[in-house]
Engineer: 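One structure, as structure tokens, below. Some questions next.
Not measured: the values here are computed from a predicted model. Reminder, nothing fancy here: chain letters follow the sequence lines and each chain counts from 1.
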Amino acid sequence: MATSCNCVAAAMRSLRPAAAMRLPLRSPPCRTFTSFHHSNLQRSSRTIWRQESARLSGSQRGTQQVQNLANGLRGQSRPFSSSTPRQKLKTIQQVKARNKGGPFNLTAAVLFIATAGALYAYFTYEKERMARKRIAEQTKGIGKPKVGGPFDLIDHNGNRFTSDDMMGKYALVYFGFSHCPDICPDELDKMALMYDKVVEKCGRVLLPIMITCDPARDTPEVLKEYLKEFHPDIIGLTGPYEKIKDVCKAYRVYFSTPPNVKPGQDYLVDHSIYFYLMDPEGDFVEAIGRNFTADQAAKVISDHIKDWEGPLKKKDRWA
Amino acid sequence: MGWFSSSETDGVKKTSGGAFEKPSRTNRAKCYEARDAFFECLDRNNILDSINTKEGVAAAKKACNEQDVVFEKNCAHSWVEYFKKQRVVNYQKEQTIKRIEAQGGEIQAPQLPTRGS
């Protein structure tokens, strides 16, 4: 390899205009390169090398051209930065002063910190974005929210009513209690309006159900009396406290009925006031809040019913 | 109706605990009417709170005792307490909304979207 290095070094030196003529280029110096080739190739490559060296050694003209080119480039070139070009540093002191701090100076430090900060901010942001995306994709499409579920209660006529009786029809489930001062009666009036509008548009495919949160006072008789003032079709459901508690839990309904109440005791029940729309298979579709007007709610329900492609029961035993 | 036969002056029929024996639309209407009369009296006398503070209770008793008695007679006791507290809460809510709107803020109560997925 030593010879090859000499060869390359020599070639380089030959490019320097002053030294060009003094170089021992006639010797065949690049055996290391040629030795890898077959003999015929060896010959031809030697020829090339000889030609090359001849050109280099022989032509003062060639080096002149290189220099001209270099001069031309220098004339055209513009510095990429506004900092002092190296060639303008005239004295050795200037160069030393410039290089005293090595490659580190204030500009470099500021740029470094700014870049590091920007990169850090960017990667932090990207990391959070990816985490959010992952969560969204995890929850998306895996299933409907688990609202609702099987129950076994007693309707306002004293008959058994289970979640199976809801199958085949949409159901609008509301939780309330008959001793409710102001909100529930308003909501039940709205429910009656909604129900009538939906029946008008889609037929009798919706069950309006009111489940009491206050089973101690809301017996089937009380519910029957209470609900017929709102709409004769509303089904009131009651049952033992434990069963009501389970239904409320399944529908994610908060309620605050005291478990052991004395007869005649006066109390209020705090509870969630959503209408839960359940599809004919008993799956939760949508919650309708107090902010909906009867018209808006009826539209939402009708739209869902129209979307339904499965079978719908038009008749029922409560008709 | 059966439970209503016990003359108008007695108000609605109630249980020993003070609850409605049977809550009905008529009963509610009577209760709301009595409530509105009581609150009107409080408004006239510039009383906001008739339940939470001792002074409020005393002031309400002094100025609107008559309406208060009718109110209690026509409503379940729990309803009376509920409405009296609600009056204070509603007033505070109104004031807060007014204050925020005066500051140029917008009120957006947390609620379900009207058109969900």
Side-chain angles (χ1 to χ4, degrees), chain A residues 140-141 144-145 176-186 188-189 192 212 214 216-219 221-230 258 261-270 272-277 284-293 295-297 299-301 303-304 307, chain B residues 1-6 11-39 51 71-90 93 97 106-117:
Chain A
K140 190 177 67 184
K144 294 165 185 170
F177 69 113
S178 66
H179 288 259
C180 182
D182 54 356
I183 294 165
C184 332
D186 293 349
L188 283 172
D189 276 329
T212 181
D214 185 16
R217 285 188 293 193
D218 289 346
T219 60
E221 301 77 51
V222 171
L223 282 178
K224 189 174 180 149
E225 199 72 47
Y226 179 70
L227 290 171
K228 76 176 184 198
E229 286 189 330
F230 296 98
V261 288
K262 293 178 219 83
Q265 192 182 330
D266 182 28
Y267 56 88
L268 292 179
V269 179
D270 228 4
S272 314
I273 43 164
Y274 291 117
F275 292 103
Y276 297 84
L277 183 64
F284 170 71
V285 182
E286 192 165 335
I288 297 169
R290 224 185 132 196
N291 53 322
F292 284 73
T293 65
D295 283 322
Q296 286 171 329
K299 188 181 182 318
V300 168
I301 298 168
D303 286 351
H304 278 300
D307 287 345
Chain B
M1 290 191 191
W3 69 90
F4 220 68
S5 53
S6 56
V12 295
K13 205 170 182 185
K14 293 196 277 188
T15 63
S16 55
F20 282 125
E21 195 152 278
K22 280 183 185 174
S24 69
R25 201 181 284 280
T26 341
N27 285 351
R28 281 195 300 276
K30 276 182 88 74
C31 171
Y32 295 162
E33 199 183 305
R35 172 197 65 184
D36 293 344
F38 177 65
F39 284 175
I51 186 159
F71 188 19
E72 283 282 359
K73 207 191 273 176
N74 284 309
C75 293
H77 182 67
S78 57
W79 289 32
V80 172
E81 283 185 357
Y82 169 80
F83 285 133
K84 283 177 176 176
K85 284 177 182 163
Q86 194 192 43
R87 175 180 160 90
V88 181
V89 171
N90 281 351
K93 196 160 83 184
I97 290 172
E106 267 192 39
I107 306 288
Q108 187 68 56
Q111 52 191 202
L112 291 176
T114 40
R115 185 71 202 115
S117 56

Engineer: Identify the two heavy atoms, one from Arg28(B) and one from Tyr226(A), that lie closest to each other, and give their separation to 0.1 Å.
Structural biologist: NH1-CE1, 3.4 Å
Engineer: Does Asp189(A) pair with Arg25(B) as a salt bridge, N-O distance under 4.0 Å?
Structural biologist: yes
Engineer: Does Leu268(A) reach the side chain of Glu81(B), with side-chain heavy atoms less than 4.5 Å apart?
Structural biologist: no
Engineer: Dump the intermediate steps for side-chain contact (heavy atoms from CB on, under 4.5 Å) on Ser24(B) and Glu229(A), then the final yes or no.
Structural biologist: CA-CA 8 Å; Ser24(B) 69; Glu229(A) 286 189 330; 3.6 Å; yes
Engineer: Under a plain distance cut-off of 3.5 Å, with no hydrogens placed, do Tyr82(B) and Asp182(A) share a side-chain donor-acceptor pair?
Structural biologist: yes
Engineer: Does any heavy atom of chain B fall under 4.5 Å from the side chain of Arg217(A), the backbone, both, or neither of them?
Structural biologist: side chain
